[in-house]
Amino acid sequence: MNYWLLKTEPEEWSWQHQSKNKKLPVAWDGVRNFQARNFLQKMNVGDLCFFYHTGSEKQIVGVVRVTKRAFPDKTDKTKKFVSIMVQFHSDLDHPVTLESIKKNKQLKDLLLLKQSRLSVMPIGLKCWKIINNMGKINA
DNA sequence: GCCAACGTTGGC
DNA sequence: GCCAACGTTGGC
């Protein structure tokens, strides 16, 4: 089991959309970056992903679970990129902000901080647990 | 294969 | 709105 972080602009696709129907898997598509794509291809069914809002929010607001491995992205005419399917897993009653992640020295090596433009990234188990604690969840 | 020019993302 | 960081494109 591996852990990840998925970024989205809430204006495009928000946690409100994602968590509206908790039993409905939704395609995570539109990724147009090869590094991000390579991470998508490594995801397995059951892996968990933090759901991060960029833009004016800049915080982790939920957790989703991968329900389908990578398949061709229907929105990509070049056929180079892939999608996965994700489904609601849990809410964060206490969103974990980018600011608080930056303040935690144990999280200083997160790709979220090192590569701000990357939209799909792995999260090590240790960091996953730390952020779970910060969000007061146990995903 | 290099690199200049340009485009995009996302934090500030 | 700006700009740093990164990615892509195309001329050579």
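Atom-to-atom, CG of A:Asn33 to C1' of B:dT9 comes out at 10 Å; the value is rounded to the nearest Å. Distance, A:Asn38 CG to C:dG7 C1': 14 Å, rounded to whole Å. Rounded to a whole Å, the CD atom of A:Glu12 is 13 Å from the C1' atom of B:dT8. If you measure from atom CG of A:Leu6 to atom P of B:dT9, you get 16 Å, rounded to the nearest angstrom. As rounded to whole Å, 14 Å separates atom P of B:dG10 from atom CD of A:Glu57. Distance, A:Phe81 CZ to B:dT8 C1': 13 Å, rounded to whole Å. Protein atom CD of A:Gln35 is 13 Å distant from nucleotide atom P of B:dG10, rounded to whole Å. Protein atom CG of A:Leu110 is 13 Å distant from nucleotide atom P of B:dG11, rounded to whole Å.
Among C:dT8, B:dG11, B:dG10, the nucleotide with an atom closest to any side-chain atom of A:Lys58 is B:dG11. If you check B:dG11, C:dG7, C:dT8 against the side chain of A:Lys7, the one that comes closest is B:dG11.
Cluster annotation: A:Ile123 and A:Leu107 are assigned to the same hydrophobic cluster (Ile/Leu/Val/Met/Phe/Trp/Tyr, side-chain heavy-atom contacts under 4.5 Å, transitive).
Within the structure, salt bridge (Lys or Arg N to Asp or Glu O under 4.0 Å) pairs that include any residue of residues 123-139 of chain A do not occur (at least two apart or interchain). Listed by first and then second residue, the salt bridge (Lys or Arg N to Asp or Glu O under 4.0 Å) pairs that reach into residues 23-35 of chain A are A:Arg32-A:Asp73, sequence neighbours excluded.
Around the CD atom of A:Gln16, the shell of radius 6.0 Å holds more than 12 heavy atoms that belong to other residues, nucleotides or ligands.
A parallel orientation is assigned to the rings of A:Phe50 and A:Trp128, their planes being inclined by less than 30° (bins at 30° and 60°).
At the phosphate of B:dT9, neither OP1 nor OP2 sits under 4.0 Å from any side-chain N or O atom of A:Tyr52.
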Pull out every protein N or O sitting under 3.5 Å from an N or O of nucleotides 3-5 of chain B, one pair per line with the distance.
none

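When all heavy atoms of A:Asp109 and A:Lys114 are compared, the pair lying nearest together is OD1-NZ, 3.4 Å.
Within the 4.5 Å cutoff, the side chain of A:His53 has heavy atoms near those of the A:Ser14 side chain.
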